[in-house]
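When a residue number appears, it is its place in the shown sequence, counting from 1. Counting starts at 1 for both ligands and their atoms, in listed order. The structure displayed is predicted, hence computed values, not measured ones.
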Amino acid sequence: EDPVVVNTSFSEEQEALVLSAWDAMKADSAAIALKFFLRIFEIAPAAKPMFPFLRDAGEDAPLESHPKLKAHAVTVFVMACESATQLRKTGDVKVREATLRRLGATHVKAGVADAHFEVVKTALLDTIEGAVPDIWTPEMKGAWEEAYDQLAAAIKEEMKLAA
Ligand code: HEM
């Protein structure tokens with residue numbers, strides 16, 4: 001075994017599984033972002049009024065017309081990819097300090113709780129499976145779960161400090 005390897009729990013293969021899925025999805029990111037959100041609200045309808053831009057637009061406004069919704073969805077995908085790369089390199093997730101602190105405060109203010117992170121995780125995995133069914137494997141699922149869980153843990157930690 002190479003003694004300079006800091007992290008053996010998240011491998012190069014796992015990083016590649018995360019990045020390859022996003023690579024296959026990103027050309028269609030607008031449609032995928034919409035599906036991701038629809039899935040979140042299917043699992044947890046109560047999460048909808050948390051998003052001020054949805055609340056302000058009114059009950060019947062079509063979801064696809066919200067640019068901020070796409071932005072949030074794409075951010076979750078992109079940050080999970082960055083998290084995979086950091087996990088492989090350092091074994092830990094550290095979103096840039098300023099960013100993470102802001103994210104903690106934003107989510108506390110929006111009323112996001114631990115359970116919502118589980119909902120978003122399930123919706124994320126379902127969305128990827130639906131988007132790239134031919135490359136989806138249990139290994140790919142495991143790699144995304146790990147990348148997301150570590151990212152969510154870093155945000156939740158920051159939320160505790162902001163609360
Ligand atoms: C806002 C990322 C999970 C609800 C944001 C913002 C980012 C972000 C980057 C923009 C605000 C800012 O920059 O301060 C993430 C990531 C997540 C995650 C990476 C998971 C790993 C969640 C969950 C919920 C949620 C679980 C609740 C269902 C919101 C809401 C806002 C927000 C309501 C404010 C939107 C607005 O005011 O326009 N999130 N988020 N997020 N997020 Fe998340």
Among all protein heavy atoms, pick out the one at the shortest distance from [atom]; state its residue, atom name and that distance to 0.1 Å.
| atom | value |
| --- | --- |
| atom 35 (C) of ligand 1 | F53 CE2, 3.8 Å |
| atom 13 (O) of ligand 1 | R102 NH2, 2.6 Å |
| atom 4 (C) of ligand 1 | F51 CZ, 3.3 Å |
| atom 37 (O) of ligand 1 | P52 CG, 3.3 Å |

Going by the order shown, which atoms of ligand 1 are within less than 4.0 Å of some heavy atom of [X]?
| X | answer |
| --- | --- |
| M79 | 19 (C) |
| Y148 | 20 (C), 21 (C) |
| M50 | 33 (C) |
| L151 | 19 (C), 21 (C) |
| H116 | 26 (C), 27 (C), 28 (C) |

Quick check for you: to the nearest 0.5 Å, what is the distance between [X] atom [atom1] and [Y] atom [atom2]?
| X | Y | atom1 | atom2 | answer |
| --- | --- | --- | --- | --- |
| S11 | L87 | OG | CG | 10.5 Å |
| T122 | E42 | OG1 | CD | 12.0 Å |
| K156 | D114 | NZ | CG | 4.5 Å |
| R39 | D126 | CZ | CG | 4.5 Å |
| E145 | L124 | CD | CG | 10.0 Å |

Point to revise | Residue pair Q150 / E146, side-chain donor-acceptor N/O under 3.5 Å | key: yes
Practice item. Return yes when at least one protein heavy atom is under 4.0 Å from atom 29 (C) of ligand 1, and no when none is. Key: yes
Practice item. Step through the shown structure and confirm whether more than 12 heavy atoms of other residues, nucleotides or ligands are within 6.0 Å of NZ on K121. Key: yes
Check your understanding: For atom 43 (Fe) of ligand 1, which protein N/O/S atoms are closer than 2.8 Å?
Key -> H72 NE2, H107 NE2
Review point. So, do W22 and V78 sit near enough that their side-chain heavy atoms are less than 4.5 Å apart?
Key: yes
Review point. Is E139 close to E13 at the side-chain level, that is, under 4.5 Å between some pair of heavy atoms?
Key: no
Check your understanding: Is Y148 reaching over with its side chain to a backbone N or O of F117, donor-acceptor style, under 3.5 angstrom?
Key -> yes
Check your understanding: Got a donor-acceptor contact below 3.5 angstrom from the S83 side chain to the A147 backbone?
Key -> yes
